[in-house]
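Every heavy atom of this structure was used, including side-chain atoms; hydrogens, water molecules and symmetry mates were not. Both ligands and their constituent atoms are indexed starting at 1 by order of listing.
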Amino acid sequence: MKEKSWKEIPIGGLIDRAGSAAEYKTGDWRTFKPIVDKKKCINCLICWMYCPDSSVLVKNKEMVGFDLEHCKGCGICASVCLVKCIKMEKE
Ligand code: SF4
Ligand code: SF4
């Protein structure tokens with residue numbers, strides 16, 4: 001396969017077309033990852049509302065975990081959780 005020249009590859013960090021953000025696996029940037037204790041979770045979905053990367057996963061109105069391919073580990077979900085059932089753990 002022929003390597004692309006620098007003029008052919010997309011500029012890093014840019015979204016070059018609408019709707020393509022999910023293709024960037026930004027989870028690689030993370031140094032801390034969120035861990036949820038589902039026994040304490042009350043499914044208020046505050047974490048889902050605040051996550052800047054749409055990485056809180058919800059199914060049937062319940063918080064079910066995180067999309068770790070895209071979560072950047074900012075810790076906002078842990079900070080806003082009403083019952084403090086999310087903790088940030090070093091990768
Ligand atoms: S750590 Fe940040 S990016 Fe990851 S799920 Fe929580 S709020 Fe979203
Ligand atoms: S903010 Fe906390 S309690 Fe609410 S859904 Fe998220 S993890 Fe569960």
Side-chain angles (χ1 to χ4, degrees):
M1 186 178 81
K2 187 180 174 297
E3 297 289 329
K4 289 182 178 177
S5 79
W6 67 272
K7 289 181 182 172
E8 294 167 313
I9 59 174
I11 298 170
L14 286 185
I15 303 297
D16 58 1
R17 66 200 139 78
S20 66
E23 292 170 23
Y24 291 86
K25 307 293 185 200
T26 48
D28 289 349
W29 304 359
R30 198 176 53 239
T31 50
F32 285 85
K33 70 177 172 190
I35 309 276
V36 64
D37 180 351
K38 280 302 292 174
K39 288 193 281 293
K40 291 186 193 160
C41 174
I42 57 173
N43 294 305
C44 64
L45 303 186
I46 295 273
C47 53
W48 173 77
M49 282 191 277
Y50 276 84
C51 175
D53 293 308
S54 301
S55 295
V56 175
L57 302 175
V58 175
K59 199 170 181 186
N60 298 326
K61 298 182 185 172
E62 286 193 10
M63 187 278 194
V64 294
F66 303 99
D67 168 7
L68 292 177
E69 285 192 337
H70 295 95
C71 161
K72 298 193 195 88
C74 66
I76 291 174
C77 54
S79 176
V80 298
C81 176
L82 296 178
V83 295
K84 298 295 171 207
C85 68
I86 300 175
K87 65 176 181 177
M88 299 302 292
E89 220 170 62
K90 203 156 189 185
E91 289 279 357

From SG (Cys51) to CG (Leu45), nearest 0.5 Å: 12.5 Å

Consider only side-chain heavy atoms of I, L, V, M, F, W and Y, link residues closer than 4.5 Å, and tell whether Phe66 and Leu82 are in one cluster. yes

Where ligand 1 meets Gly73 - atom numbers and elements under 4.0 angstrom, heavy-atom basis: 1 (S), 4 (Fe)

Using a 4.0 Å cutoff against the non-hydrogen atoms of Phe66, which atoms of ligand 1 qualify? 5 (S)

Among all the protein's non-hydrogen atoms, which is closest to atom 2 (Fe) of ligand 1, and how far away is it? Cys74 SG, 2.3 Å

Is there a donor-acceptor pair closer than 3.5 Å between any side-chain N or O of Lys38 and the backbone N or O of Met63? yes

More than 12 heavy atoms of other residues, nucleotides or ligands under 6.0 Å from NZ of Lys25: is that the case? yes

Considering only protein heavy atoms, which is closest to atom 6 (Fe) of ligand 1, and at what distance to one decimal place? Cys77 SG, 2.3 Å

Hey, which atoms in ligand 2 end up nearer than 4.0 Å to a heavy atom of Ile86? 7 (S)

Please list all pairs passing the side-chain hydrogen bond (donor to acceptor under 3.5 Å, both in side chains) test where one or both residues lie in residues 45-59, with sequence neighbours left out. Asp53-Lys72

Once you round to the nearest 0.5 Å, how far does CD1 of Ile86 lie from OG of Ser79? 10.0 Å

Among all protein heavy atoms, pick out the one at the shortest distance from atom 8 (Fe) of ligand 1; state its residue, atom name and that distance to 0.1 Å. Cys51 SG, 2.3 Å

How many protein N, O or S atoms sit closer than 2.8 Å to atom 4 (Fe) of ligand 2? 1

For Cys71, the ligand 1 atoms with a heavy-atom partner under 4.0 Å come out as 1 (S), 3 (S), 4 (Fe), 5 (S)

Say you draw a straight line from NE2 of His70 to CG of Leu57; how long is it, rounded to the nearest 0.5 Å? 11.0 Å

With a 4.5 Å cut-off on side-chain heavy-atom distances among I, L, V, M, F, W and Y, is there a chain of contacts connecting Met88 to Val36? no

Check each atom of ligand 1 against the heavy atoms of Lys72 and keep those under 4.0 Å away; list them by number with element. 3 (S)

Looking at CG of Asp28 and CG of Leu68, how far apart are the two atoms once the value is rounded to the nearest 0.5 Å? 11.0 Å

Under 3.5 Å donor-acceptor, Arg30 side chain and Cys71 backbone: yes

Suppose I only count heavy atoms of Asp53 and a 4.0 Å limit; which atoms of ligand 1 are within that range? 3 (S)

